[in-house]
Number of protein chains: 2
Amino acid sequence: MPPTLKDVAERAGVSRAAVSRTFTDGASVSPKMRRKVEKAATELGYSPNALASSLTTGRTKLIGLVSNNFHNPIFLEVFDLFTRGLQDRGLRPLLVNLSNETDPANSIRMLRQYSVDGVVVASSTLPPGFAKSFRDAGVPVVHSFGRYSSSPEVHVVGIDNAECGRMAARELIRRGYRDVAFLGGPEGATSTQDRLRGFLEELARHPEIAVRHSFAEAYSFNAGRREMLKRLEDRPAEAYFCGDDVLSIGALSAVTGSGLTVPGDIGLIGLNDMEMAGWENINLTTIRQPISEIIGSSIELIVSMLENPDRYPETRLFPCRVIERGTLRPVPG
Amino acid sequence: MPPTLKDVAERAGVSRAAVSRTFTDGASVSPKMRRKVEKAATELGYSPNALASSLTTGRTKLIGLVSNNFHNPIFLEVFDLFTRGLQDRGLRPLLVNLSNETDPANSIRMLRQYSVDGVVVASSTLPPGFAKSFRDAGVPVVHSFGRYSSSPEVHVVGIDNAECGRMAARELIRRGYRDVAFLGGPEGATSTQDRLRGFLEELARHPEIAVRHSFAEAYSFNAGRREMLKRLEDRPAEAYFCGDDVLSIGALSAVTGSGLTVPGDIGLIGLNDMEMAGWENINLTTIRQPISEIIGSSIELIVSMLENPDRYPETRLFPCRVIERGTLRPVPG
DNA sequence: GAGCATTTTGCAACCGGTTGCAAAACGATT
DNA sequence: AATCGTTTTGCAACCGGTTGCAAAATGCTC
């Protein structure tokens, strides 16, 4: 139904090749020819079919954006930044929701059928092997918010989760807490494991401080709330480092709902600094993850892989920092 | 690089047409042939190129998912439901972020270049003309969360915003408020206009009740908070119907942050019933918008348009209902 | 095993573009 | 005006599939 190259060529009285050339930049076309073609094209309302041209050029400018996290509000920011960043570079995000899938094979097949030029895996809970299987299928891939590895097999952009754990521990120690805990996300998630590891590592240097940990079933408000309610049944710790902000807010709700106060009775520190953490009625002390930088860097990386698919895989980690708000008690003295 | 139809045909010692047929269902292939082809295909790891086939079939199974709302957490639920629903039907969402665009021409061109089979516009703030320009370009379109029109030009699926306004008014009246207000979203948004209209309409039947209204600059926490802070400077109303839940939560934060209580000093009712509204520390009374039904219906509609593009445009409205939580005072008596 | 209807298969053209190559047009030089 | 080097243009093959049509194969019946 929409006009094709041939229609334009006929109307302009030139060859199809000539039309094609006027629409691919860098091709040799005389000014006269260009005028003729452009006139015919606008008269017909022609715009080239990107999919047809992808057949010969081997480029679709389609990027698979794969995620399994459609419940944490931080991911709305993530999608916003990714879609805008990709669009600005003339790339189109093909969204894949992995929420109920476990097997990568399906989504790999699907993305190959649409011959995406590259894939961005945006998730802190998917195992590293997931991104790897895209690479094995010959598709350039970047794992955003993925796990640090000293010998990376795919590009990873994210934060040093273990360092965040240490950072949280130092912050709690600095404020004089003597009985602290980690309230993590799902036990299997690599991000949870790493944050816990760092947390324990740092606290191991302070044997006088009691440490414990437990896991919520998901990175979600309700999971955080439920887990904290369980902790409150027995004698709770003085302060909790929660796996992420949403968990923290759930935990916060459990604490205040039980008639205790934050930070009076219990201190809380989260991770992410999602928009909501700054809301007046939440005001969560947290560790800021520079998601905008992470995403910018991920896009830059995937773009560079379009030119050079065999680019040596690297890990890019961005520093986090503590954002002080109102859920930890002040530094003593 | 990936194996093509031809490779499979050669390996199986059959014609390319035969291979094509074994991969299109409903085509006539003998069991023997099918076995031969499938064997060769799995050996080579072949899977058909959806884009190439779209050239002849005219179907890409790509659906443009267009939105300008990447800040309201409710839209994460929206994206989740849309992507899952489309995937389940073998369709692929091509995400378009309209946040900084105002002119539809660009996105229309882009979606036509990728020959999407249809477009879903998911937004309550885009003008009706936006969806229309897709239709004019010959692309099947559904406007989800769009405005009701008695003579619709495109498919609209959503709620009756005016009725929601009336519903909120009735709820406030029922609880004995005598001085009420509408704290709307951006003045230009059709959803805001309609909600206000309904709200005023219902209150016009109760001249003894004072009514006023004002608008926030966006459907966002900060806008709601700022606007409510302004209202609090002067003598505020007894109760506010806020344009949506995010605005309500912002307003809630402004009220409690000013040392007043909800619903003691000021009552609040929102609209959407986003997940967060039910969180213990928010506990917002609100009007539930059945987003899952709206999205299911939108998908059903766009799917049916793939078969029958000239389907007569209809408006589908879903009923809302009040979810009673803790931000309005109890019914007197 | 011949004759027939039915199914299966391959040929070849086509979908909407791109691109290597050679012919045509152009411009400069003598 | 003839020669030569450059640029511009068109031809035709190709990208990875699909599909109408006719030929080949199959299954039945007698």
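Throughout, a chain's letter reflects where its sequence line sits, starting with A, and its residues are numbered from 1. Below, each value reflects all heavy atoms present in this structure, side chains not excepted, and no hydrogens, waters or symmetry copies.
Distance from the side chain of A:Thr24 is smallest to C:dT18 among D:dG17, C:dT18, C:dA12. Side-chain atoms of B:Leu55 lie closest to D:dG16 of the nucleotides D:dC11, C:dT18, D:dG16. Among D:dT18, D:dA12, D:dC14, the nucleotide with an atom closest to any side-chain atom of A:Thr56 is D:dC14.
Between A:Arg21 and A:Arg16, the residue anchored nearer the 5' end of DNA chain D, judged by the nucleotide with its closest heavy atom, is A:Arg21. Along DNA chain C, the nucleotide closest to A:Ser47 and the one closest to B:Lys32 are compared, and the more 5′ of them pairs with B:Lys32.
Nucleotide D:dA25 holds its P atom 12 Å from the NZ atom of B:Lys36, rounded to whole Å. Following rounding to the nearest Å, A:Glu10 (CD) and D:dG10 (P) show an atom-to-atom distance of 13 Å. Atom CG of B:Leu44 and atom P of D:dG17 are 12 Å apart (whole Å). Put simply, CG on B:Asn49 is 15 Å from C1' on D:dC14, counting in whole angstrom units. Atom CG in A:Leu51 sits about 13 Å away from atom P in D:dG17, given to the nearest Å. Between the NZ atom of B:Lys6 and the P atom of C:dA12 there is a distance of 16 Å, rounded to whole Å. Nucleotide D:dT7 holds its C1' atom 15 Å from the CZ atom of A:Arg34, rounded to whole Å. Taking atom CG of B:Leu5 as the reference point, atom P of C:dG10 lies 12 Å away to the nearest angstrom.
Counting non-hydrogen atoms under 4.0 angstrom, A:Ser20 reaches a base of the nucleic acid. At the heavy-atom level, B:Ala18 lies under 4.0 Å from the strands shown only through sugar-phosphate atoms. B:Ser54 comes within 4.0 angstrom of nothing in the nucleic acid, heavy atoms only. In this structure, A:Thr4 reaches the sugar-phosphate backbone alone: every heavy-atom distance under 4.0 Å involves primed, P, OP1 or OP2 atoms, never a base.
For the pair A:Val78/A:Ile295, a side-chain contact is recorded, criterion being any heavy-atom separation below 4.5 Å from C-beta on.
Contact annotation: A:Tyr114 side-chain N/O to D:dG16 OP1/OP2 distance is not under 4.0 Å. In this model, the phosphate group of D:dG10 is approached by a side-chain N or O of A:Ser15 to a distance below 4.0 Å at OP1 or OP2.
Residue A:Asp25 places its CG atom among 12 or fewer non-hydrogen atoms of other residues, nucleotides or ligands, all under 6.0 Å distant.
Ionic pairing of A:Asp7 and A:Arg11 is not present here: no N-O contact between side-chain nitrogen and carboxylate oxygen is shorter than 4.0 angstrom. Here B:Lys132 does not pair with B:Asp136 in a salt bridge; the nearest charged N to carboxylate O distance is not below 4.0 Å.
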Inset, instruction - Please report the C-alpha distance between A:Phe23 and A:Tyr46 in whole Å, then the side-chain angles of each, then the deciding distance to 0.1 Å, and finally whether the ring-ring contact (aromatic ring centres under 6.0 Å, His included) criterion is met. - result: CA-CA 11 Å; A:Phe23 283 96; A:Tyr46 169 77; 5.3 Å; yes
